[in-house]
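To start, the structure under review is shown below, and the notes come after it.
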Amino acid sequence: MPDTQVAAADPDTMANKTYDAVIIGAGIAGMYQLYRLRQLGLSVRVLETGSGVGGTWYWNRYPGARFDSESYTYGYSFSEELLQDWNWSEHFAPQAETLRYLNHVADRFDMRRDIRFGSRVSSAAFDEAARRWEVTLDGGERFFGRFLITAIGPLSAHTLPRIPGVDSFRGQSFHTYRWPHEPVDFAGKRVAVIGTGATGVQVIQTIAPLVGRLTVFQRTPNWCTPLHNRKITEDEQRKIKAGYPAMFDLLRRTPGCYIHNTDPRGTFEVTEEERETFWEKLYSEPGFGIWMANFRDVLTDPKANALFSDFVARKIRQRVKDPATAEKLIPKCHGFGTRRVPQETGYYEAYNLPHVELVDTRATPIERITETGVRTSDAERGFDMIIYATGFDAITGAFDRIEFRGTGGQRLKDHWADGPKTYLGLMSAGFPNMLTIVGPHNASTRCNIPRCIEQNVDWATGLMRAARDRGITRFEATPDAEAEWSRHIEELADGMLYTQVDSWATGVNSNVEGRNVRRILQYQGGAPAYRARCDEVAATGYAGMVLS
Ligand code: NA7
């Protein structure tokens, strides 16, 4: 068979597995990066653990998984035809629809031929002499790329609880991130859910009416607010499609690239009546407006924050019939919006069902998972199924699970041992030719994520275009630029209420050794300022980097 035909069947064979760029991950970021680098005419290989595209939306198939961003603000913006052809069915689309969308994108742009599925990267090492990365899969297969782009997701390193006996349970058990592809039957089952973050809330409200008995093990309650999801009408569909340019323009200007923008007023600049009316309006409106479009000081002034937290606490008391359960559901250790706000649909009402029980694991800690259920300090309960909605080793965890070695063999894990050190949240000194899309210290993890992904990818693509045009085979952030950016990140976070609270956003995870200390992982200056800084670096010929 002629070589050309071999290449058509398997590009890895002819190309000797050497590419201009290797991308790790075929989620939203990896797919878009592939599309853009192909436009540059580069040879690209995407390595993906799963058997399909979609990343977050491929893995998180748990019941109730859906957007918290308005669907039409979440899709890719790069193709007008795609925008006009795709119809979102609901204002906040469910996981299956989003996965369908991403598969549609992969097919439409013929992406799969450059993606290797079922390929988990275990290590990547920079070869200084060859100025390229050597990327190794589980099982030992190797790929080579001049450039290495990580698109491995901020919430992809899922964590099971460090509770004795997790392996001993004989019933069904699932982490929400590794939900089975086959349907799961809940009818008549005694089900435990551990964890009440954004994921746990979606699971609980969805399965509560389906199960025989539901016990929720809550360690920390969260401030949840109504999603108010509904179908998109035909008239709305037309308006959405006609309004894309204006909408994307707005999204470029808001701090988190949502359609919600901070209210310029201060909480105490209005009368009590005006305040209540405004907050009632926010509570009755869909999506994250209540978090993102609240008074400007709600997330920074402790008094304003406490007052709004009281407002939401009142709502919880009104909605939960049993006063003792309501009190358990009201957070006491953190204010509204200082952790990710779960968006709910009937979550609080689920606790009014006679077969749903809430266990406060701070009052009665889980001691062990047994063969038949869960033992707390005061009781042993039998279950048919345990659902772990216990979250992720966020933002840096996926990096820790791959052995990245830069110049002189240094490990990224060691370089970041005291917290990430980056330049623009996109690269790290000592790790040449490597770009970290949605990495720590960039704006994307406090963002309507595809919007910031597109910014990250477009910037990375610009750098690679410059490299191609100028014959550059090596780029690297300088240690000074890295130190300055890392300081800037700390300064921006100073005074934010969220930095005083344990959560995945501050890098705390009780289930991972060494993750009990808060770290600053996110850029807090807002997406527009972040984009401006990145653009300035590019416009000045990549200041803070050495290109050769
Ligand atoms: P989160 O928000 O990190 O939530 C994890 C939940 O699991 C949270 O309630 C934890 O309690 C709880 N948890 C974790 N470990 C334990 C143990 N050992 N015992 C009891 N409870 C435990 O993850 P999600 O998946 O809900 O959401 C992640 C993001 O995905 C979300 O913000 C969206 O952006 C999408 P804790 O609060 O730590 O006390």
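When a ligand or atom number is given, it counts from 1 through the structure's own listing order.
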Please report whether ligand 1 has a polar contact with Ile163, defined as an N or O pair separated by less than 3.5 Å (distance criterion only). no
Starting from atom 29 (C) of ligand 1, what is the nearest protein heavy atom, named by residue and atom, and what distance separates them? Leu155 CD1, 3.5 Å
Any nitrogen or oxygen of Thr220, main chain or side chain, under 3.5 Å from a nitrogen or oxygen of ligand 1? yes
Arg213 bridged to Glu357 by N-O distance under 4.0 Å: no
What about Trp279 and Phe308, are their ring centers closer than 6.0 Å? yes
Is Arg362 close enough to touch ligand 1? Criterion: a residue heavy atom under 4.0 Å from a ligand atom. yes
For atom 23 (O) of ligand 1, the protein heavy atom that lies nearest, with its residue and separation: Gly391 CA, 3.4 Å
For atom 6 (C) of ligand 1, closest protein heavy-atom neighbour: Ala389 O, 3.3 Å
Less than 4.0 angstrom from a charged side-chain N to a carboxylate O is my criterion; do Arg314 and Asp310 meet it? no
Which is it for Arg339 and ligand 1 at heavy atoms under 4.0 Å: side chain, backbone, both or neither? side chain
What residue and atom, counting heavy atoms only, is the protein's closest point to atom 33 (C) of ligand 1, and at what distance? Arg340 NH2, 3.2 Å
Show your working on salt bridge (charged side-chain N to carboxylate O under 4.0 Å, His left out) between Lys332 and Glu327 and close with a plain yes or no. CA-CA 9 Å; Lys332 306 291 188 307; Glu327 286 318 302; 3.8 Å; yes
Strictly under 4.0 Å, does any heavy atom of Phe392 approach an atom of ligand 1? yes
Sulfur to sulfur, is the gap between Cys257 and Cys447 shorter than 2.5 Å? no
Is it the case that the ring center of Phe67 lies less than 6.0 angstrom away from the ring center of Trp88? yes
So which protein heavy atom does atom 4 (O) of ligand 1 come closest to, and at what separation? Gly197 CA, 3.6 Å
So, for His181 and Tyr58, is the gap between ring centers shorter than 6.0 Å? yes
If you scan protein heavy atoms around atom 3 (O) of ligand 1, the nearest is Trp504 CD1, 3.7 Å
Suppose we call two aromatic rings close when their centres sit under 6.0 Å apart. Are Tyr530 and Trp459 close by that rule? no
If you measure from atom 25 (O) of ligand 1 to every heavy atom of Thr199, Val193, Val166, which option wins on shortest distance? Thr199
Option whose closest heavy atom lies nearest to atom 12 (C) of ligand 1, chosen from Pro161, Ala65, Gly195: Gly195
Identity and separation of the nearest protein heavy atom to atom 9 (O) of ligand 1: Thr196 N, 2.9 Å
Min over His158, Gln202, His175, Arg219 of heavy-atom distance to atom 16 (C) of ligand 1 lands on Arg219
Ring centres under 6.0 angstrom apart (Tyr72, His91): yes
Do the side-chain N and O atoms of Thr159 and Tyr388 include a donor-acceptor pair separated by under 3.5 angstrom? no
I need the nearest protein heavy-atom contact for atom 15 (N) of ligand 1: residue, atom name and distance, please. Asn511 ND2, 2.9 Å
